[in-house]
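Read through the structure below, which is laid out as structure tokens, and then see the notes.
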Number of protein chains: 2
Amino acid sequence: MTFTQILPLTDISGVSPADACSSPLARTAIAPESADALARSLKALSDPARLRIISIVSAHADQEACVCDLTDQLTLSQPTISHHLKVLVDAGFLTRAKRGTWSYYSLVPGSLGSVAGVLAAV
Amino acid sequence: MTFTQILPLTDISGVSPADACSSPLARTAIAPESADALARSLKALSDPARLRIISIVSAHADQEACVCDLTDQLTLSQPTISHHLKVLVDAGFLTRAKRGTWSYYSLVPGSLGSVAGVLAAV
DNA sequence: ACAATACATCGACCAATGTCAATCTAAGGA
DNA sequence: TCCTTAGATTGACATTGGTCGATGTATTGT
């Protein structure tokens, strides 16, 4: 078997060989597209006002809050709060339900936990 | 007992009364300072390049990677990668160790999981 | 001592983001 | 019908953030 080659210990199938300074791999890294998607989700969450909005919503027994709950507790203008709500809806963390004059925002079940899970696995 | 008052069901001790449109609370929301701190951590993570850096580092068997591992895999200039590394070190997700000519970056154990845990509890 | 290499820092630039005042829209109440 | 209220949208503005070229700083090899 003169063609048999002993691979360096740092080689893992499908992973390109590393530089001299590099150490062995235990697994492959996250795919660029996955990193993009996760970054988009995290970006939607990485604002103090938006985190407080999510927290206020999920603090309600029915996981639903109206905008007045938010304007009461956040020291931000109404348009700014409305902007943050839009960001969270677009990112898939909240849903909007209009009933009469009021808008109610609900937490999308599992959306936060999903991001937390993916993050912990990065 | 003419002084006894029946509190509305929406009242929870220490929580200010809600508007007419509001629903009952199950707990209190996150404190503003905690939201600030969590937002800072998440902001450090909410970039595709930085997520990939963390992933590449933790993909190594010893949870350590040199900068050349990163410049190989990320299509970004060396100063840009250096910038992202600084952000992650400042945020407490990575530590730097210089050995000879090379800089090695390691994952701070538990830092990612901690953020994920706090996030899931928001 | 000198050249080369690895990486950090600096300065500049453009894009993205958070904020608010002003305005618009729709739903209720008089 | 008209006024009021709740909340979304628009436009402008200042700030932050990602990127790179140029430069600085150690460290290694000759």
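Because the structure is predicted, anything quoted here is derived from the model rather than measured. Naming convention: chains lettered A, B, ... in sequence-line order (proteins, then strands); numbering from 1 in each chain.
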Using a cut-off of less than 4.0 Å, is there contact between a side-chain N or O of [X] and OP1 or OP2 of [N]?
X        : N      : result
A:Thr101 : D:dA6  : no
A:His84  : C:dT19 : yes
A:Arg96  : D:dA8  : yes
A:His83  : D:dT10 : no
B:Thr80  : D:dC20 : yes
A:Tyr105 : D:dA6  : no

DNA chain D: B:Thr75 or A:Ser103, which has the more 5' nearest nucleotide?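 So the residue in question is A:Ser103.
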
Could you say whether A:Ser46 or B:Lys86 is positioned toward the 5' end of DNA chain C, judged by the nucleotide with the nearest heavy atom to each?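 Looking at DNA chain C, the more 5' nearest nucleotide goes with B:Lys86.
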
With nearest nucleotides of DNA chain C determined for A:Cys21 and A:Pro79 from heavy-atom distances, which residue corresponds to the more 5′ nucleotide?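 The answer here is A:Cys21.
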
What contact category does A:Leu76 fall into here, base, sugar-phosphate, or nothing, at under 4.0 angstrom with non-hydrogen atoms?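 Sugar-phosphate: the residue A:Leu76, judged by heavy atoms under 4.0 Å, touches backbone atoms but no base.
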
Taking any heavy-atom pair under 4.0 Å as a contact, classify A:Arg99: base, sugar-phosphate, or nothing.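 Here A:Arg99 touches no strand at all.
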
Side chain of B:Trp102, heavy atoms from C-beta onward: which of D:dA8, C:dA6, D:dG7 has the nearest atom to it?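 Of all the options, the side chain of B:Trp102 is nearest to C:dA6.
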
[X] [atom1] - [N] [atom2] separation (whole Å):
X        : N      : atom1 : atom2 : value
B:Ile81  : C:dT9  : CD1   : P     : 15 Å
B:Lys98  : C:dA8  : NZ    : C1'   : 8 Å
A:Arg40  : C:dA16 : CZ    : P     : 13 Å
B:Leu85  : C:dA6  : CG    : C1'   : 13 Å
B:Arg50  : D:dT19 : CZ    : P     : 8 Å
A:Leu74  : C:dG18 : CG    : P     : 14 Å
B:Tyr104 : D:dA26 : OH    : P     : 20 Å
B:Asp47  : D:dT19 : CG    : C1'   : 11 Å

Taking A:Cys66's backbone N and O only, do any of them form a donor-acceptor pair with A:Asp69's side chain (distance below 3.5 Å, no angle check)?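 Yes; at least one donor-acceptor contact below 3.5 Å.
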
Do the non-hydrogen side-chain atoms of [X] and [Y] ever get within less than 4.5 Å of each other?
X        : Y       : answer
B:His84  : B:Leu76 : yes
A:Thr71  : A:Cys68 : yes
B:Ser106 : B:Gln63 : no

State plainly whether one hydrophobic cluster holds both A:Leu74 and A:Ile54, where clusters connect Ile, Leu, Val, Met, Phe, Trp and Tyr through side-chain heavy atoms under 4.5 angstrom apart.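 Yes, one cluster joins them.
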
Side-chain atoms of residues 86-95 of chain B: list all donor-acceptor pairs with protein atoms under 3.5 Å, sequence neighbours left out, distances to 0.1 Å.
unit_1	atom_1	unit_2	atom_2	d
B:Lys86	NZ	B:Asp90	OD2	3.4

Classify the side chain of A:Gln78 and the base of D:dA8 as holding, or not holding, a donor-acceptor pair under 3.5 Å.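 Answer is yes: a donor-acceptor pair is held.
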
